[in-house]
Amino acid sequence: MAMQNVTSPFSATDFIQAKTERRKLSLVTCYDYTFARLLSRTAVDGILVGDSAVMVMHGHPTTLSATVDLIRLHTEAVSRGSPNKFLIADMPFLSYRKGLAAALDSAQILLAAGALAVKIEGVDGHEDVIERLVQSGIPVMGHLGLEPQSVRAYGGFRIQGRSEESARDICRRARSLEQLGAFAMVLECIPASLAQEITDALRIPTIGIGAGVGCDGQILVLQDLLGLDPAFHPKFARPFLDGAPRVLDAVARFDQAVKAGTFPAEGESYS
Ligand code: KIV
C-alpha cells in the first residue's frame with residue numbers, strides 16, 4: 001500500500017479560497033511516476049489521476065473499462081512521484097453506482113493509494129454517495145457536461161448543454177453538487193456561455209476542459225498539453241509543446257547512432 005500523500009500544501013478548501021480571491025486554478029492529469037516527478041516541480045495546483053488513463057495509457061476507446069484496481073495502481077505511482085501535490089483520483093465507471101458501501105470501499109482504496117480527493121461524474125442517483133463521502137471527510141470533485149462514462153448514452157463524445165433543456169439540466173445538477181458539498185467541479189465540453197453562467201452562480205470553483213475561459217480553472221490531459229498525439233486535436237486541447245515530433249526525432253537519432261556504431265561511445269561504456 002502507498003504512503004498517504006499528506007505533504008500537499010494545497011487542500012480542497014484552498015480551491016474555494018482561490019475562487020474567492022479570483023486566482024485561477026491549473027490542473028493536469030497524470031498517470032505515471034516519471035511525469036509525476038516532473039509535475040512535482042511545477043506550480044500546477046492539482047493532479048488528476050483520471051480514468052482517461054485507460055485511453056491514454058492503455059489504448060482503450062472509452063473510459064468504461066477503467067477499474068478501481070487500475071486507478072489505484074496509477075494513483076500509487078503518481079503519489080510516489082508528486083507527494084507535494086493535491087492529488088485527485090477518478091472513481092471509475094459504476095464504482096459509485098453499486099450501493100453506498102461498495103462506493104465507500106472504492107473511495108477508501110483510492111485514498112489509501114495516495115489520493116486526497118475523489119472525482120465522480122454526474123450527480124443524479126448517487127447523491128447519497130457524494131453526501132456520505134463529504135460527511136466522512138473525503139473531498140469530492142464533481143464532473144458535469146460531457147461525462148465520458150455516459151458516452152454510450154450520448155452515442156459518442158458530444159458537446160453537451162447546447163439545447164436550453166440540456167443547459168438548464170446541467171445548471172440544476174451543478175447547484176445540486178454544490179449543495180451536496182463538492183469542493184469543485186469539472187465542466188467538460190459545454191458552451192463557454194453556459195460554463196460562465198454556472199461559474200458565476202456557484203461558490204465552489206469550476207474547472208473547465210473545453211468549457212471556455214470563464215471557468216475558475218482549467219484542466220488538460222498532460223499528453224494533450226505536451227502534443228504527444230498529433231492525431232488527437234480537439235480544439236480545446238492546446239498543445240503547449242510539439243511533443244510528438246520531438247520524441248520521434250530523439251528516437252530516430254538513437255536508431256541512427258546505434259546503426260552507425262556511434263552509440264554507445266567509449267565514455268558511455270564500462271572498462
Ligand atoms: O479522466 C479525465 O482525464 C478527466 C478529465 C478530462 C477532466 O476526467
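These numbers come from the heavy atoms of this one structure, side chains and all, not from hydrogens, waters or symmetry mates. Start at 1 and go down the list; that is how both ligands and their atoms are numbered. The structure presented is a predicted model; accordingly, all values stated were derived computationally and were not measured.
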Taking a 3.5 Å cut-off between nitrogen or oxygen atoms, can you list every pair linking ligand 1 to the protein, with distances?
from     : atom 1 : to   : atom 2 : distance (Å)
ligand 1 : 1 (O)  : D51  : N      : 3.2
ligand 1 : 1 (O)  : D51  : OD1    : 3.0
ligand 1 : 1 (O)  : S52  : N      : 3.1
ligand 1 : 1 (O)  : S52  : OG     : 3.2
ligand 1 : 1 (O)  : D90  : OD2    : 3.2
ligand 1 : 3 (O)  : S52  : OG     : 2.5
ligand 1 : 8 (O)  : K119 : NZ     : 2.9

Inter-residue atom distance L144.CG - Q160.CD, 0.5 Å rounding:
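If I round to the nearest 0.5 Å, the distance is 10.5 Å.
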
Gap between atom CG of L27 and atom CE of M141 - 0.5 Å precision
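M141 CE to L27 CG: 5.5 Å, rounded to 0.5 Å.
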
Is a donor from one side chain sitting under 3.5 angstrom from an acceptor on the other, for Y33 and S82?
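There is no such pair (donor and acceptor under 3.5 Å, judged by atom type) between the side chains of Y33 and S82.
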
Cut-off 3.5 Å, no hydrogens considered: what does the side-chain donor-acceptor table look like for residues 242-255, sequence neighbours left out?
from : atom 1 : to   : atom 2 : distance (Å)
D249 : OD2    : R253 : NE     : 3.1
D255 : OD1    : K259 : NZ     : 2.7

Apply the side chain to side chain donor-acceptor pair (under 3.5 Å) test between Q149 and each candidate in T63, T62, D51; give the one that qualifies.
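That would be D51.
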
Could D14 and R23 be called an ion pair, given the rule that one side-chain N must be under 4.0 Å from one carboxylate O?
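No.
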
